[in-house]
Amino acid sequence: MRGFVMRRILASLIAMFLVTIIIFSLSRLVGDPVAMLISEGGYGISESALNIQREKLHLDKPVPLQYVFWLSDVLRGDLGHDLSDGFPVTHKIREKVWPTVQLGASAWIIATVFGLAFGVISAVKRGSLVDYGVRLFANLGITLPAFFVGIMAILIFAVELGWVPVTVIGTIGSNDLGEQLKAMILPVLTLAWSAAAGYMRLMRSAMLEVLDSEYVKLARAKGVNSTTIIWKHALRNSLIVPITVSALLLWNFVTGTVVVEAVFAWPGLGLLALEAVVNNNLNLVVGTALIFGFVLIMANFAADVLYVFVDPRIRLS
């Protein structure tokens, strides 16, 4: 088990190293870094001033050395300054992390609980109206894009029915817990639906395979009650498949956060990243891309470690 975890740690570090190389390379391919990093009032800047900026950014050195200097700054938490107002990018990202964590963690909990539960129910009630209803829920969650779901949710539940606020601006971070929870309902459910649908489909397929296995048939023949078979024998073995691909499902939270935060004006990293792209704010784009890449790698690592506790064969290898 220790060897397995150490190999996953090494693989995660290598993946993060490759992510930094890709992001650095793309930041250099989009154009002249000096031209992009000077302020809007920098038109007509002299050649000597441009050379000073290039020397400051180590652009007068070979590209591999540029990467070394850039990576050392990143490891120290220095991601440069926001081009719009001059504030440190690290400080801006730190301010937006907690709202995104609130959104992502809440959506992940709901998606995991309801997705796995619906998958079990659908498999146990195979062929029933409940099964068809759950499968319809999953198919809609996978096919409908997040921006459409968010817009329709706002139109129906916020505009027409008035059950929740139209926008979350001014409610997130306030002292009124009730208003915070009401503001979180639509963004969280919009983000969670797609992942819950993925969990449900995987769980249903895995449960059906386990329920049709020989050892479950033997347990039924020996008179073991259905509850014990489902929750003790079938569920644990069925969890292996969803956990194995859970990191891929968690990618929905990385990409979906940008869309959901833009639709609901959620003050998090997704909206910050979108605004950075629209405003051609290179430092913010690079900073948010690094954060998203790091989150995906850590989610994949967590899924691998959790897989160890679910599948005894990994612990014995």
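Given the structure is predicted, the values throughout are model-derived calculations rather than measurements. Each residue takes its place number in the sequence, starting with 1.
Looking at heavy atoms from C-beta onward, I22 lies out of side-chain contact with S25 at the 4.5 angstrom threshold. A heavy-atom distance below 4.5 Å is not found between the side chains of M207 and V210. With contacts defined as side-chain heavy-atom distances shorter than 4.5 Å, the pair L272/E95 does not qualify. Annotation: side chain of W70 is in contact with side chain of T20 (closest heavy-atom distance under 4.5 Å). Two residues are said to be in side-chain contact when any heavy atoms from C-beta on lie closer than 4.5 Å; F118 and R204 fail this criterion. Side-chain contact between F157 and I185 is absent, with no heavy atoms from C-beta onward closer than 4.5 Å. L79 places none of its side-chain heavy atoms less than 4.5 Å from the side chain of V286. Between F147 and V263, some side-chain heavy-atom pair lies under the 4.5 Å cut-off.
With hydrogens and angles disregarded, no donor-acceptor distance shorter than 3.5 Å links the side chain of S122 to the backbone of G119. Proximity of a side-chain donor or acceptor of T100 to a complementary backbone N or O of G268 within less than 3.5 Å is not detected. Proximity of a side-chain donor or acceptor of S205 to a complementary backbone N or O of L202 within less than 3.5 Å is not detected. No donor-acceptor distance shorter than 3.5 angstrom exists from the side chain of S106 to the backbone of V188, with no hydrogens or angles considered.
Clustering ILVMFWY residues whenever any of their side-chain heavy atoms sit less than 4.5 angstrom apart, transitively, puts L269 in a cluster other than the one holding V277. Linking ILVMFWY side-chain heavy atoms closer than 4.5 Å, directly or via other members, places L271 and L284 in two distinct hydrophobic clusters. Residues F17 and L290 fall within the same hydrophobic cluster, defined by Ile, Leu, Val, Met, Phe, Trp and Tyr side chains chained together at heavy-atom separations under 4.5 Å. Cluster annotation: V295 and V285 are assigned to distinct hydrophobic clusters (Ile/Leu/Val/Met/Phe/Trp/Tyr, side-chain heavy-atom contacts under 4.5 Å, transitive). Each of Y132 and L208 belongs to its own hydrophobic cluster when Ile, Leu, Val, Met, Phe, Trp and Tyr are linked at side-chain heavy-atom distances under 4.5 angstrom.
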* side chain to side chain contact (heavy atoms under 4.5 Å, CB included) between T190 and F264, worked out -> CA-CA 10 Å; T190 300; F264 291 95; 3.7 Å; yes

* To do: Take M152 and L144 through the test side chain to side chain contact (heavy atoms under 4.5 Å, CB included) and record every step on the way to the result.
  => CA-CA 11 Å; M152 295 305 298; L144 293 177; over 6 Å; no

* Apply the test side chain to side chain contact (heavy atoms under 4.5 Å, CB included) to residues V134 and M200: give CA-CA distance (whole Å), side-chain angles for both, the deciding distance (0.1 Å), then the verdict. => CA-CA 8 Å; V134 173; M200 176 266 154; 3.3 Å; yes

* To do: Show your reasoning for whether side chain to side chain contact (heavy atoms under 4.5 Å, CB included) applies to N139 and R201.
  => CA-CA 9 Å; N139 290 332; R201 289 170 64 90; 2.8 Å; yes

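The structure places CZ of R135 at 13.0 Å from CG of L140, a figure rounded to the nearest 0.5 Å. Here L13 contributes atom CG and L18 contributes atom CG; the two are 11.0 Å apart, rounded to the nearest 0.5 Å. Summarising the geometry, atom CG belonging to L103 is positioned 5.0 Å from atom CH2 belonging to W266; distances are rounded to the nearest 0.5 Å. With rounding to the nearest 0.5 angstrom, the NZ atom of K92 is 11.5 Å from the CG atom of N283. Note that OG1 of T288 is 11.0 Å distant from CD of E275, once rounded to the nearest 0.5 Å. Going from atom OG of S194 over to atom OH of Y199 covers 11.5 Å, rounded to the nearest 0.5 Å.
Taking the six-membered ring where the residue is Trp, F24 and Y67 present perpendicular rings, their angle passing 60° and hence far from 30°. Between F137 and W193, the ring planes are parallel. Angles under 30° get that label, and only those over 60° would be called perpendicular.
Counting non-hydrogen atoms of other residues, nucleotides and ligands closer than 6.0 Å to CD of E209 gives a total of 12 or fewer. Under a cut-off of 6.0 angstrom, the local environment of CG in L129 is sparse, with at most 12 non-hydrogen atoms contributed by other residues, nucleotides or ligands.
For the residue pair E261 and G270, the shortest heavy atom distance occurs at OE1-N, 2.6 Å. Across all non-hydrogen atoms, the minimal contact from I297 to A15 is CD1-C, 3.6 Å. Closest of all the heavy-atom pairs between A192 and A111 is O-CB, 3.6 Å. Across all non-hydrogen atoms, the minimal contact from A153 to L186 is O-CD1, 3.7 Å.
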